Amino acid sequence: ANKFSKGSVYINLKSDSEMTEITIEDDGNGYPKDVLPKIGEPYLSSSSQVKSKKGLGLGFFIGKTLLEKNFAKINFYNSQQTGGAEVSIIWKNKDLKLI
């Protein structure tokens with residue numbers, strides 16, 4: 001988020017008795033439409049907008065894989081609030097006890 005933001009990154013933590021969610025958003029240009037459905041692939045082929053910043057595919061793949069192995073569900077969006085990229089990481093609290 002820091003690499004692609006125009007100046008701000010927002011991190012939100014929500015938790016209740018059943019779920020915990022971390023949401024990370026930036027105020028950049030968001031994910032290009034050709035990239036969004038492919039996020040999490042190890043060698044992401046993307047538009048020139050993302051290639052100019054370098055480092056999206058393999059890092060996302062490693063992070064997503066590690067989080068999923070620790071029972072997280074990861075969602076990638078373009079934020080409706082900021083217009084930038086948004087990542088949501090959700091755990092069931094009962095699974096957090098296993099980590």
Side-chain angles (χ1 to χ4, degrees):
N2 193 41
K3 184 189 292 188
F4 293 97
S5 74
K6 293 178 182 173
S8 296
V9 174
Y10 307 94
I11 300 171
N12 187 34
L13 174 66
K14 293 189 288 186
S15 187
D16 60 25
S17 62
E18 295 189 25
M19 306 289 276
T20 297
E21 178 179 10
I22 299 171
T23 304
I24 304 162
E25 296 179 64
D26 66 44
D27 63 351
N29 295 324
Y31 300 110
K33 289 181 183 181
D34 65 324
V35 170
L36 198 51
K38 300 177 191 175
I39 292 178
E41 293 179 10
Y43 300 101
L44 185 60
S45 175
S46 61
S47 67
S48 60
Q49 175 186 2
V50 172
K51 283 185 179 180
S52 67
K53 298 275 187 163
K54 297 184 181 179
L56 182 63
L58 191 56
F60 266 81
F61 171 74
I62 293 168
K64 182 176 183 283
T65 299
L66 290 171
L67 285 164
E68 287 174 343
K69 288 201 177 280
N70 285 286
F71 313 107
K73 181 178 177 188
I74 301 103
N75 298 302
F76 301 93
Y77 310 99
N78 283 323
S79 172
Q80 293 184 357
Q81 292 180 336
T82 66
E86 179 178 344
V87 178
S88 172
I89 307 163
I90 303 167
W91 290 270
K92 292 180 181 175
N93 290 342
K94 67 180 179 126
D95 292 335
L96 284 172
K97 294 176 184 178
L98 300 174
I99 298 176

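All figures in this text were calculated on a predicted structure; none of them were measured in a lab.
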Looking only at heavy atoms, which two atoms of W91 and N70 are closest? And how far apart?
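What the structure gives for the nearest pair is NE1-O, 3.1 Å.
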Let me confirm one number: the CD1-CG distance from I24 to N2, rounded to the nearest 0.5 Å.
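Taking CD1 in I24 and CG in N2, the distance rounds to 11.5 Å.
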Is I89 reachable from I11 through a run of hydrophobic residues whose side-chain heavy atoms are each under 4.5 Å from the next?
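Yes, I11 connects to I89 through the hydrophobic network.
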Pick out which of S79, S5, S88 makes a side-chain contact (heavy atoms from CB on, under 4.5 Å) with E25.
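Of the listed residues S79, S5, S88, the side-chain contact (heavy atoms from CB on, under 4.5 Å) partner of E25 is S79.
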Please check if F71 and I22 belong to a single hydrophobic cluster, counting links between Ile, Leu, Val, Met, Phe, Trp and Tyr side chain heavy atoms closer than 4.5 Å.
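Both belong to a single hydrophobic cluster.
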Using 0.5 Å steps for rounding, measure from the CG atom of N75 to the CD atom of E21.
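Going from the CG atom of N75 to the CD atom of E21 covers 8.0 Å.
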Nearest heavy-atom pair of K64 and I74: which atoms, and what distance?
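Nearest heavy atoms, K64 then I74: O-CD1, 3.8 Å.
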Contact between L36 and F76 at the side-chain level, heavy atoms closer than 4.5 Å - yes or no?
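Side-chain contact under 4.5 Å: yes.
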Quick check: is V9 connected to I39 through a chain of hydrophobic side chains (ILVMFWY, heavy atoms under 4.5 Å apart)?
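As far as the 4.5 Å side-chain criterion goes, V9 and I39 are connected within one cluster.
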Which pair of non-hydrogen atoms, one from N78 and one from A85, has the smallest distance, and what is that distance?
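Taking every non-hydrogen atom into account, OD1-CA, 4.3 Å.
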Please answer: with hydrophobic residues joined when any side-chain heavy atoms are less than 4.5 Å apart, are Y77 and M19 in the same cluster?
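In one cluster with Y77: M19, no.
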Can you check whether T82's main-chain N or O pairs, donor with acceptor, with D27's side chain at less than 3.5 Å?
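Checked: no pair found.
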Would you say N93 and T20 are linked by a side-chain donor-acceptor pair, where the criterion is simply a distance under 3.5 Å?
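Short answer, yes.
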Measure the spacing between CG of D26 and NZ of K3 and express it to the nearest 0.5 Å.
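Interatomic distance, D26 CG to K3 NZ, rounded to 0.5 Å: 12.0 Å.
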